[in-house]
Amino acid sequence: MNPEPSRLVLKAGRDKSVRHRHPWVFSGAIDRIEGEPEPGETVSVVARDGAFLAWAAFSGDSQISARAWSFDPKDRIDEPFMRARIEAAIARRADVRARSDAMRLVHGESDGLPGLVVDRYADTLVVQILSAGAERWRPIWGPLLTQLTGAKSVYERSDVEVRALEGLPSRTGALIGDAQGHVRIEEDGIAYEVDIAKGQKTGFYLDQRDNRALAGSLAQGAEVLNAFCYTGGFSLSALKGGAKHVMSLDTSEEALALARRNVALNGLDAARADWLAADVFAQLRKFRDQGRKFGLIVLDPPKFAPTEKHVANAARAYKDINLWAMKLLAPRGHLLTFSCSGAVSPDLFQKIVAGAAADAKADLQVRRHLGAAPDHAVSIHFPEGEYLKGLWLQAA
Ligand code: SAH
């Protein structure tokens, strides 16, 4: 590494967020760049008066011009530094291991490793590299991760749109070993097959672990509706939890096929489960026309608001599905409703859901606020990391 790192000098008055340990330096905050840093190169971020603020990875193509590795001037940003960060991230999650052999091991900015996501699926790791900084260190991730976890293979799923904002191409494939497309995991005593090569995200919605367990605990004897079911996470929890019947909806035939296989894998009674390839918006209305009622409904839609400018449309979509779901709730029925749009705050989400309840003339109580499982812990300095929010509501 260059012994004289380039410097990003911030504008007067624009150093507050970095001083507060927020890891992002926006292009608008930069007064000048001293040197000619390459994409992902480590630079020092300094205040107008030259005071050290952070070591950061430079990303000239992005609105986020740099992401901080460290706020300590004594740190050296090298391979031992990265190793220590990964070790710390793994050690923090020791408590999750008792419940599942699948978990998020590295959660980007919140683990002090901006742009790096690592999910563990039994003996296979899936890596997402989302920033120029994490990309620059790409050769070390595979070897480091296998050494520190004992995992046999590492698969890369850097096929996410945010990479384009960093000037990076989409990339997928084995980094180490010969990871197969499908991997088997076990979470809270339920086995799932996960498609790490073609599935959504890195293959499975690990962030919903605790909420799947909650659904299982509410399902006994209930007619259950799981809308946006993907490969059946909530459906299997409900079946295992003793649901009378589970109706699951998704538009993806591949996801539904895998969900059916997951039922068989667990020896659960397939007759208690229906899998319908349908659009949730239309199907909820059909169920209403048919006079159907459910004791437990899960609404876990895809990210309706990828960015701030989609929030208004997303709010309408969230309101619509929640309103129609509320009309389908049996007396004292439970609704677990989620949003994974980072641009929709928990506060706004609750307002949208309250608006839906008012229009549906539904009398509901918030039993609990829900969020991502603790292996998706968010740095207190990085509220942007808190994307998943949900409400456990119960009808009167
Ligand atoms: N609850 C799931 C994750 C849901 S991800 C779990 O815990 O594993 C969102 C899912 O919604 C995806 O599987 C996607 O195929 C599906 N989807 C997106 N739009 C849809 C629509 N309009 N109707 C039904 N399913 C939809």
Practice problem: Taking the six-membered ring for Trp and the single ring otherwise, decide whether the centroids of F287 and F294 are under 6.0 Å apart. | Solution: yes
Quiz prompt | Derivation of the ring-ring contact (aromatic ring centres under 6.0 Å, His included) call for F281 and W324 | solution = CA-CA 8 Å; F281 292 86; W324 286 93; over 10 Å; no
Exercise. Check the side chains of S17 and H20 for a donor-acceptor pair under 3.5 angstrom, ignoring hydrogens and angles.
Key: no
Quiz item: Does D123 have any salt bridge (charged side-chain N to carboxylate O under 4.0 Å, His left out) partners at least two apart in sequence or in another chain, and if so, which?
Solution: K152
Quiz item: Roughly how far apart are R157 CZ and T202 OG1, rounded to 0.5 Å?
Solution: 7.5 Å
Quiz item: Hey, is the main chain of S110 close enough, under 3.5 Å, to the side chain of S379 for a donor-acceptor pair?
Solution: no
Self-check item: Exam field: side chain W69 to backbone T42, donor-acceptor pair closer than 3.5 Å
Solution: no
Quiz item: So which heavy atom on K198 is nearest to which on D195, and how close?
Solution: N-OD1, 3.0 Å
Quiz item: Of all heavy-atom pairs between W141 and A134, which one has the smallest distance, and what is that distance?
Solution: NE1-O, 2.9 Å
Exercise. Using modelled atom types only, decide if a donor and an acceptor are shared between the side chain of N266 and the backbone of N262 within a distance under 3.5 Å.
Key: yes
Self-check item: Carboxylate-amine/guanidinium proximity below 4.0 Å for K201 and D119
Solution: no
Quiz prompt | Transitive ILVMFWY side-chain link V353 to Y387, under 4.5 Å | solution = no
Quiz item: Do the non-hydrogen side-chain atoms of L8 and I33 ever get within less than 4.5 Å of each other?
Solution: yes
Quiz item: What do the steps show when you test K319 against D359 for salt bridge (Lys or Arg N to Asp or Glu O under 4.0 Å), and what is the final call?
Solution: CA-CA 9 Å; K319 182 169 177 187; D359 286 7; 2.9 Å; yes
Practice problem: Could you tell me how the ring of F204 sits relative to the ring of Y192: parallel (under 30°), tilted (30 to 60°) or perpendicular (over 60°)? | Solution: tilted
Quiz item: Are Q208 and D300 side-chain neighbours, meaning at least one heavy-atom pair lies under 4.5 Å?
Solution: yes
Quiz prompt | Heavy-atom pair with the smallest gap, counting every atom of I30 and S65 | solution = CD1-CB, 3.4 Å
Quiz item: Does one hydrophobic cluster hold both I190 and L296, with members joined at side-chain heavy-atom distances below 4.5 Å?
Solution: yes
Practice problem: Identify whether the distance between the nearest side-chain nitrogen and carboxylate oxygen of R285 and D320 falls below 4.0 Å. | Solution: yes
Exercise. Could you tell me how the ring of F304 sits relative to the ring of Y318: parallel (under 30°), tilted (30 to 60°) or perpendicular (over 60°)?
Key: tilted
Quiz item: Are the charged groups of D210 and R99 less than 4.0 angstrom apart, N to O?
Solution: yes
Quiz item: Got a salt bridge between D111 and R93, using NZ or NE/NH1/NH2 to carboxylate O under 4.0 Å?
Solution: yes
Practice problem: Would you kindly say whether S235 and N226 are connected by a side-chain donor-acceptor distance under 3.5 Å? | Solution: yes
Self-check item: Non-neighbouring partners of A372 that pass side-chain contact (heavy atoms from CB on, under 4.5 Å), sequence neighbours left out
Solution: D207, H376, L388
Quiz item: Does R85 use its side chain to pair, donor to acceptor, with the backbone of G112 at less than 3.5 Å?
Solution: yes
Quiz item: Parallel, tilted or perpendicular: which describes the rings of W392 and H334, with under 30° parallel and over 60° perpendicular?
Solution: tilted
Quiz prompt | Side-chain donor/acceptor of K11 to backbone N/O of G28, under 3.5 Å | solution = yes
Exercise. Going by the side-chain hydrogen bond (donor to acceptor under 3.5 Å, both in side chains) test, name the single residue among H381, E384, K16 that passes it with H22.
Key: E384
Practice problem: Would you name the heavy atoms of G35 and S6 that are closest together and state the gap between them? | Solution: CA-OG, 3.7 Å
Quiz prompt | Closest heavy-atom pair and its distance - A305, A343 | solution = O-CB, 4.2 Å
Exercise. Give the cluster check for M103 versus V118: same hydrophobic cluster or not, with ILVMFWY residues linked at side-chain heavy-atom distances below 4.5 Å.
Key: yes
Quiz prompt | Short side-chain to backbone donor-acceptor contact, S341 and V344, under 3.5 Å | solution = no
Quiz item: Will you find, in the side chains of H107 and D375, an N or O donor that is under 3.5 Å from an N or O acceptor?
Solution: no
Quiz item: Should V117 and L145 be regarded as members of a common hydrophobic cluster, given that ILVMFWY residues are connected when their side-chain heavy atoms come within less than 4.5 Å of each other, either directly or indirectly?
Solution: no
Quiz item: Does P143 reach the side chain of I176, with side-chain heavy atoms less than 4.5 Å apart?
Solution: yes
Quiz item: R32 and E34: salt bridge (Lys or Arg N to Asp or Glu O under 4.0 Å), yes or no, with the steps?
Solution: CA-CA 6 Å; R32 62 181 189 277; E34 295 176 354; 3.0 Å; yes
Quiz item: In terms of heavy-atom contacts, does CZ of R92 have more than 12 from other residues, nucleotides or ligands at under 6.0 Å?
Solution: yes
Quiz item: Do any N or O atoms from the side chain of R67 and from the backbone of E109 form a donor-acceptor pair under 3.5 angstrom?
Solution: no
Quiz item: Taking all atoms of both residues into account, what is the closest heavy-atom pair of G203 and Y230, and its distance?
Solution: O-OH, 3.0 Å
Quiz prompt | Side-chain donor-acceptor contact under 3.5 Å, E166 with S131 | solution = no
Quiz item: Would L393 and L299 show up in the same hydrophobic cluster when neighbours are defined by side-chain heavy atoms closer than 4.5 Å?
Solution: yes
